[in-house]
Amino acid sequence: MEEVQTPIIPIVGDLVRGRPGTISLGQGMVAYGPPPEATDALSGAFEDPRTHQYGPVEGTSALRSALADKLRGENRIPIGAAHRVVVTAGGNMAFFNAVLAVADVGDEIILQTPYYFNHEMAVGMAGCRAVLIGTDDRYQLRVDRIAAAITPRTKAIVTVSPNNPTGAVYPEEALREINELCRGRGVYHIHDEAYEYFTYGDVKAFSPGSIDGSAPHTISLYSFSKAYGFAGWRIGYMVIPAHLEEAVRKIQDTILISPTMISQTAALGALKAGASYCRGKLRGLAEVREIARKAFAEIATFCAAPLTDGAFYFFLRITTPLAPLALVERLVEEHQVAAIPGTAFGISSGCSLRVAFGALEKETAAQGIGRLVRGLRQIVKESS
Ligand SMILES: Cc1ncc(COP(=O)(O)O)c(C=O)c1O
């Protein structure tokens with residue numbers, strides 16, 4: 001545990017609380033809550049004795065069956081005898097289940113940098129080694145480098161699209177290449193689709209689990225947290241090959257026993273609202289993204305802010321000798337705005353920051369971005 005990084009969100013949270021009035025562009029959450037269909041589904045749930053008992057370790061059959069329909073219809077994953085759908089207490093747990101199920105202590109898991117910090121932490125906690133492969137200047141996959149990093153100890157390649165912390169959406173061809181690489185080299189492809197609905201313009205997220213013949217080596221991870229404003233209800237799910245069912249059941253039985261019953265009832269309701277609920281929120285997010293894009297363009301001489309096609313993040317590369325955490329501390333102290341240091345995502349050279357714009361109403365987000373740009377201008381000038 002001493003080697004596992006300390007979660008950064010509470011650290012930045014403390015800075016924000018210590019400077020009242022700070023606008024946080026830190027936490028990757030959405031500003032909205034669950035759809036009314038989720039609330040409606042709860043009526044009578046408290047009176048139902050099943051709500052208060054343990055349920056099936058892999059989730060209720062009603063929710064798993066609704067998820068299978070969603071996966072077939074939206075993700076084109078032909079859920080059948082080769083697959084199992086498992087409900088988890090969020091996407092993070094789904095990832096941990098996946099790592100514990102496929103890897104032994106000392107095995108290697110390939111992650112792309114910048115990575116989602118909880119993935120790297122989970123790999124370390126499982127006693128495995130995270131092998132880090134840098135993405136390119138636009139945060140896209142470098143398939144050749146990933147292929148070259150595979151060793152006899154490699155158990156899985158992890159991809160996240162749309163991506164946290166960069167917003168990058170990987171094209172179908174790139175994900176097909178990775179999936180084929182995994183098939184050919186006998187490793188798993190773990191693909192995190194927590195932000196599947198969060199894409200802009202005509203861009204669509206592709207599910208590698210839909211590729212013919214991918215079932216035996218593909219693990220697909222999902223979350224209700226962002227799509228349905230459900231972060232506090234802790235519901236996610238995973239599609240695993242049938243041969244991993246027993247392993248995942250052992251892990252989940254030990255860690256969770258069963259996913260929370262009342263949350264599963266609410267999730268079943270939320271699924272009735274479906275993808276359109278989240279897509280309806282995208283216009284507002286796209287407006288904030290555009291405000292941020294324009295603002296960052298003004299400081300392009302010392303701040304690269306690649307515009308990506310998904311999620312609700314910008315990953316900034318700033319030309320300054322300052323360390324990222326020192327920069328964040330000054331931004332909070334002097335300009336009342338917070339972001340997350342790039343070091344938390346495995347970027348140790350240079351100075352990078354993740355800016356999240358999903359958790360705030362448009363006006364507040366615009367104000368926060370304004371403060372960030374002014375703050376960066378001033379601090380970078382003073383420290384150069
Ligand atoms: C890529 C990614 N996967 C998983 C999660 C965790 O989601 P959950 O709340 O479902 O555990 C997040 C949360 O930020 C995320 O960014």
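The model shown is predicted, which means the values in this text are computed figures rather than measured ones. All ligand and atom numbering here is 1-based and tracks the order in the structure.
- Phe345 and Phe315 have perpendicular rings, their planes meeting at more than 60° on a 0 to 90° scale where under 30° would count as parallel.
- Between Asn97 and the options Lys250, Gln252, Arg249, a side-chain hydrogen bond (donor to acceptor under 3.5 Å, both in side chains) holds for only Gln252.
- Among Arg19, Gln367, Arg371, the one residue that satisfies the side-chain contact (heavy atoms from CB on, under 4.5 Å) test with Val337 is Arg371.
- Close approach to Val160 involves these atoms of ligand 1, each under 4.0 Å from a residue heavy atom: 1 (C).
- Interface atoms of ligand 1 facing Ala194, defined by a heavy-atom separation under 4.0 Å, are 2 (C), 3 (N).
- Close to ligand 1: Tyr195, with a non-hydrogen atom less than 4.0 angstrom away.
- Distances between N or O atoms of Gly91 and those of ligand 1 include at least one value under 3.5 Å.
- Residues Ser207 and Glu193 approach most closely at OG-OE1, 2.9 Å, considering heavy atoms.
- In terms of protein heavy atoms, atom 11 (O) of ligand 1 is closest to Arg234 NH2, 2.8 Å.
- For atom 5 (C) of ligand 1, the nearest protein heavy atom (residue, atom name, distance) is Tyr116 OH, 3.5 Å.
- For atom 6 (C) of ligand 1, the nearest protein heavy atom (residue, atom name, distance) is Asn92 OD1, 3.3 Å.
- Note: an N/O pair closer than 3.5 Å links Ser223 and ligand 1 by distance alone.
- Between Glu363 atom CD and Ile291 atom CD1 the span is 8.0 Å, to the nearest 0.5 Å.
- Taking the six-membered ring for Trp and thresholds of 30 and 60 degrees, Phe95 and His119 have nearly parallel ring planes, at less than 30 degrees apart.
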Check the pair Phe206, Tyr170 against ring-ring contact (aromatic ring centres under 6.0 Å, His included), reporting the backbone distance first and the verdict last.
CA-CA 8 Å; Phe206 175 72; Tyr170 302 146; over 10 Å; no

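- The protein non-hydrogen atom at the shortest distance from atom 9 (O) of ligand 1 is Ser225 OG, 2.6 Å.
- Closest to atom 2 (C) of ligand 1, if we only count protein heavy atoms, is Asp192 OD2, 3.5 Å.
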Salt bridge (charged side-chain N to carboxylate O under 4.0 Å, His left out) between Glu180 and Arg183: does it pass, once the steps are laid out?
CA-CA 5 Å; Glu180 176 55 24; Arg183 193 194 60 73; 2.6 Å; yes

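- Only side-chain heavy atoms of Lys226 come within less than 4.0 Å of ligand 1; its backbone N, CA, C and O stay farther off.
- Taking a 4.0 Å cut-off on heavy atoms, Met29 fails to register as neighbouring ligand 1.
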